[in-house]
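Remember, it's 1-based here, ligands and their atoms both numbered in the order they're listed.
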Amino acid sequence: MKLRNILFALVATMSTCVVVANPAIIPTPKSYVAHEGEFRLTSSHSVTVSSSTLAPLANYLAQHLNVEVSTKGDIVLRIDATLKSEEYRLSVTTNRVEILGGDYGGVFNGVATLMQLLPADVYDGLTLPATIACCKVEDAPCYAYRGFMLDVCRTWITKEAIMEYIDLLAYHKLNKLRLHLTDDEAWRLEIKSHPELAKVGGFRGGDSPIWPRYGKWTEKWGGYYTQADMREIIEYAKVRNIEVIPEIDLPGHSLAMASMHPEILCNYTPNLESSFGYDTRSAFCVAKESNYALLHDIIREVCQVFDTKYIHIGGDEVETSQWKRCPDCQALMTKLGYTDPKQLQAYFMRRISDMLAEYGKKPAVWNEAIDGGKLPANTLVFGWMGVKECKLSAAKGYKTIVMPGQYFYFDMKQSKREPGHDWAAIFDWSKTYGVTLTSLGFTAEEQKNVAGFEASFFSEAYASRTPERADYLHYQTFPRMLSLSEISWVSSDSRNEKLFYEKMTEHYARLDAMGVAYRLMPPKVTFENGMLSAKCDDGSTIYVQNVVTNVGEVYTKPIATTKPERYVFVSRRGNATSPEAAVDGYFRTLKPQFTITSSMPEHATMTFVKAQGYGRLARTARTCDAGDWVQFTFAQAVDCRRMQIATGNFQLPRFIFEQGYAEISYDGTTFVRVGELQNGMYIIDNSPRPIKAVRLVCTSRGNGAKYVSIQPPTILPRL
Ligand code: TNX
């Protein structure tokens with residue numbers, strides 16, 4: 001018996017109730033008490049609601065339960081004004097199911113719990129009859145803001161895909177979805193008074209003024225939400241107790257806007273030589289009154305479409321160097337007596353906040369926005385950079401959402417060799433689960449200003465995969481989302497990671513039914529006395545592959561071998577998969593001495609030597625043109641099973657040769673063309689002869705940046 005069930009049995013016995021299988025509800029309810037008997041759900045049952053406000057919820061539940069809505073059902077949903085907002089009571093007896101909630105959200109939360117008391121197929125077509133063990137649940141969330149942010153700019157995510165994702169959030173009682181609707185790479189919301197913003201700015205590449213990026217090079221690519229689409233999303237979310245909060249990222253991250261409207265930029269002539277004329281400036285000029293007129297049109301429409309109290313207006317990573325060079329911004333600083341361009345940012349944010357106030361809305365901003373001066377007291381601050389910034393915001397008296405990258409950025413890698421970013425940290429579900437305000441050092445006063453938690457998914461690395469399928473989004477966000485759900489619902493003193501993991505693995509059956517392509521923990525691989533074995537504890541199947549013979553099969557028993565490094569394991573269940581697991585030898589790389597030469601001059605500080613030391617990137621001093629090349633020459637010809645040579649940032653096709661090909665030389669003088677670059681990269685598998693040099697040749701002009709990044713090669717030895 002699992003530890004969790006033993007504890008559960010004990011508690012249940014002490015409270016003189018019967019012991020039933022623990023339902024593994026995520027997030028964990030405050031109190032769940034099992035009673036004798038079960039409610040047998042058949043198609044003759046129906047859902048009844050006490051008021052018309054709950055009608056959409058009745059339909060939602062009835063659909064999941066595969067029953068009808070009626071006026072005299074025995075599955076009853078009711079608002080009980082004595083309960084708090086989002087609080088609920090759920091009671092299941094042998095002949096009746098009743099959910100009382102403090103408000104719509106409370107009843108919804110009860111409904112979400114009820115679904116987790118049913119067999120997992122409630123999420124993909126419930127088979128009737130089905131049974132629900134009798135019980136009483138009393139429950140309420142710890143935090144009012146339990147959010148998730150989705151970057152729909154770097155990767156275009158369709159309306160339908162957003163709705164599917166909303167379902168996943170709702171099943172886990174998350175109640176805010178923040179849509180990052182504008183950025184350097186796209187403008188995704190229709191603005192009727194400026195239709196070009198979405199019609200042109202929703203696409204990049206091709207004839208769009210917005211440069212292609214992150215893997216979509218050859219064709220024009222993207223999309224946008226009409227206001228009608230957005231209203232549909234908002235309604236869909238509302239039924240599921242989710243508030244949709246838009247983000248218009250200002251005054252930085254506005255390159256898409258600037259590509260369509262260069263007149264928003266500062267009043268100076270930039271030096272565009274190194275980017276072949278492409279203007280990469282991304283910040284609105286603060287001193288131009290015409291910018292405020294344009295923004296007022298936008299803000300008015302955004303406020304009309306979204307019924308949320310908060311509109312997020314950005315404020316992150318503004319390149320204030322642009323304002324330093326702008327005579328108009330400088331004159332404004334003098335006029336206002338400012339000494340620091342950050343004060344200009346606060347000035348800008350206050351002006352946009354005033355516009356929001358005209359429409360009865362409150363501002364939400366990223367943490368840097370409060371650095372340069374006071375914002376309205378009702379501003380909601382999103383602390384992303386670190387714990388320090390969150391504490392500072394709370395200490396200044398702003399309501400604060402805690403989301404530091406190292407715990408909450410689900411675009412980060414989950415372990416070293418997996419996909420994703422790594423600038424904030426490399427972490428899996430356990431690190432997010434471990435977050436408590438006290439352990440992060442928040443004082444009692446600061447804690448009072450924490451409105452809740454949010455996780456985010458920035459989507460740079462998604463576009464270059466297969467965004468037509470949700471797999472990468474799912475893999476990065478589940479099961480980390482389960483941790484987010486738990487910590488924003490349950491108080492920190494009732495947490496236990498080991499028990500939570502057991503519960504999570506039981507919950508996997510539900511994720512399978514929901515169709516989530518989540519990440520499993522890697523199988524545990526050991527090699528002892530000539531025997532190689534792998535284990536997992538989550539009900540998944542382990543597969544093993546011999547990378548020399550290329551034979552793959554289901555792993556059933558330990559393998560006798562003298563070459564354990566030849567075997568790699570993954571586990572799978574439903575749509576889920578684990579990262580690769582193997583003995584260290586499998587992951588070993590070679591680091592032979594080499595030099596980089598190029599037709600392009602090297603960057604002043606990120607010189608070619610940086611990459612020659614392995615581990616770091618080098619850069620060129622300008623962007624690339626057709627005919628430009630980068631060559632890697634090895635001191636000794638290298639015999640290997642794989643060699644990967646790449647332009648661009650680690651994990652992220654940006655600052656690359658967008659089009660090009662690779663040439664190999666076995667003697668250092670004669671080169672043969674071997675194939676096209678994929679995302680600025682070429683991989684040579686099982687070269688018949690040792691490789692003396694590789695040259696990447698560019699066939700396209702420019703890359704939307706001022707330079708090309710060059711990675712050290714990744715070389716895998718023969719096994
Ligand atoms: C930082 S989060 C950013 C985003 C990137 C993200 C990638 C924030 C306010 N700015 O522009 O997409 O890192 O993790």
Protein heavy atom at shortest distance from atom 12 (O) of ligand 1: Glu460 OE2, 2.6 Å
His253/Glu317 under side-chain hydrogen bond (donor to acceptor under 3.5 Å, both in side chains): CA gap, chis, key distance, verdict: CA-CA 8 Å; His253 281 274; Glu317 300 179 314; 2.7 Å; yes
Parallel, tilted or perpendicular: rings of Phe382 and Tyr145 (30°, 60°): perpendicular
Side-chain donor or acceptor of Thr379 paired with backbone N/O of Pro376 under 3.5 Å: yes
For Met412, the ligand 1 atoms whose distance to one of its heavy atoms is below 4.0 Å: 14 (O)
Closest candidate by heavy atom, reference atom 2 (S) of ligand 1, pool Tyr409, Phe457, Trp366: Tyr409
Numbered atoms and elements of ligand 1 in range of His253, under 4.0 angstrom, heavy atoms: 11 (O)
Min N/O separation His421 to ligand 1 under 3.5 Å: yes
Polar proximity ligand 1 side, Glu317 side, N/O cut 3.5 Å exclusive: yes
Test applied, side chain to side chain donor-acceptor pair (under 3.5 Å); reference residue, Arg213; option that passes from Glu185, Glu658, Glu460: Glu185
Minimal non-hydrogen separation, Gly441 against Lys391, with atom names: O-NZ, 2.7 Å
Which residue and heavy atom of the protein sit nearest atom 9 (C) of ligand 1, plus the separation: Asp316 OD2, 3.0 Å
N or O pair under 3.5 Å between Asp411 and ligand 1: yes
Option nearest atom 13 (O) of ligand 1 (shortest heavy-atom distance, choices Trp423, Phe458, Phe410): Trp423
Any Phe382 heavy atom less than 4.0 Å from ligand 1: no
Parallel, tilted or perpendicular: ring planes of Tyr409 versus Trp384, cut at 30 and 60 degrees: parallel
Taking every non-hydrogen atom, the tightest pair across Lys176 and Ile242: C-CG2, 4.0 Å
